[in-house]
K.L.:
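Submitted below is the structure of interest, expressed as structure tokens.
Predicted model only: the values in this text are computed from it and were never measured. Positions are given from 1, in the same order as the sequence printed here. Reckoned from all heavy atoms, side chains included, excluding hydrogens, waters and symmetry mates.
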Amino acid sequence: IAKQDAIGLDGITDGEFRRGFWHLDFLEQLQGVESYLAGQSIQFQGGHAKVRGLKVRAKVQAGVHPMIQHFKFLKAHVANKTAKMTVPSPSVLHYRCGRSAVNPSVYPAMEEFYHDLGQAYKKVVSDFGAAGCQYLQLDEVCFPYLCDNEQREMLRSRGDDPAKLPAIYAGMINAATSGRITSSRPPPSSRSRAGLGLGDRSMCSSPSAVRPAETTGGREPALHPRRARAGAGRSPNRRPGSNRAPPATRPVTSHQEPRR
């Protein structure tokens, strides 16, 4: 924390040193979700990491998530900068596991699972806001996968329709953010927004794709979904004020957010 402050970062995180993985540690603490050793490992420089899988064995709900305390520790040690927290997007629980990880006796229809997951996130978001969090980042990494033909084929082979998932995932993100309280506080400067890692365009878009919110004060935090941005009410490929049809969509082969 002190090093981030010393080099002039506007957004300060706790470095996620408490986490074994960027996503599993958050998701396994939702009620109804359990982790298990998957019997395989991932090679990293310096060693192997044991892989944990996730199973949905009961109705998904949110109690008091332990990462709220992680944020409180961070906020207590950040004086004049923004204490920033990151959590995986709700889409990650479905994308990584699929239908096979969701107990059919608990959720005969996946629509109920998507609803409950979105509502569980909504409560966690509210709890972060009550703890004073004004910058909560949802790490949305599944949308780029939906642009890859091999990934789309994998999804079809397990029974998912990749054409429908963008709207489903956007719906869960919108549910997660629906409890925020909008304030009249002005948005952060363009410099601080860029420095905090906001992307400039979406990898994929859908009619119901989520729009990122500005930083808010009060009880609820601002959320900044990564790589899932698309303007509401207009084509993301059309410039404001232009009456020309958007250009033909070309396959996305790679994307890197600019460093500023």
K.L.:
Side chains of Ser89 and Glu140: donor-acceptor distance under 3.5 Å anywhere?
P.N.:
yes

K.L.:
Side chain of His94, backbone of Pro90: donor and acceptor closer than 3.5 Å?
P.N.:
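Checked: no pair found.
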
K.L.:
Thinking salt bridges, do Asp160 and Arg156 make one under a 4.0 Å N-O criterion?
P.N.:
no

K.L.:
Taking only residues two or more places apart in sequence, or in another chain, which ones meet Asp5 in a salt bridge (Lys or Arg N to Asp or Glu O under 4.0 Å)?
P.N.:
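Salt bridge (Lys or Arg N to Asp or Glu O under 4.0 Å) list for Asp5, sorted by chain: Lys81.
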
K.L.:
Could you work out, with side chain to side chain contact (heavy atoms under 4.5 Å, CB included) as the rule, every residue matching Leu54, not counting sequence neighbours?
P.N.:
Leu24, Leu27, Glu28, Val33, Ser35, Leu93, Cys97

K.L.:
Verify, without hydrogens or angle tests, whether Tyr145 (side chain) and Arg152 (backbone) share a donor-acceptor contact under 3.5 angstrom.
P.N.:
no

K.L.:
When you measure from the side chain of Arg99 to the backbone N and O of Val102, does any donor-acceptor pair fall under 3.5 Å?
P.N.:
yes

K.L.:
Restricting to side chain to side chain contact (heavy atoms under 4.5 Å, CB included), what partner residues turn up for Val106, sequence neighbours left out?
P.N.:
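Applying side chain to side chain contact (heavy atoms under 4.5 Å, CB included) to Val106 gives Lys59, Asn103.
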
K.L.:
How far apart are the C-alpha atoms of Phe71 and Met67, what are their side-chain angles, what is the distance that settles it, and do they pass the side-chain contact (heavy atoms from CB on, under 4.5 Å) test?
P.N.:
CA-CA 6 Å; Phe71 171 76; Met67 287 191 181; over 6 Å; no

K.L.:
Other residues, nucleotides and ligands only: do more than 12 of their heavy atoms fall within 6.0 Å of NE2 on His23?
P.N.:
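More than 12 heavy atoms, drawn from other residues, nucleotides or ligands, come within 6.0 Å of this atom.
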
K.L.:
Kindly state whether the ring of Tyr121 and the ring of Phe26 have centres lying under 6.0 angstrom apart.
P.N.:
yes

K.L.:
Using modelled atom types only, decide if a donor and an acceptor are shared between the side chain of Lys123 and the backbone of Gly63 within a distance under 3.5 Å.
P.N.:
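Yes: the side chain of Lys123 pairs with the backbone of Gly63.
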
K.L.:
Can a donor-acceptor pair be found, under 3.5 Å and without considering hydrogens, that links the side chain of Thr82 to the backbone of Lys84?
P.N.:
no

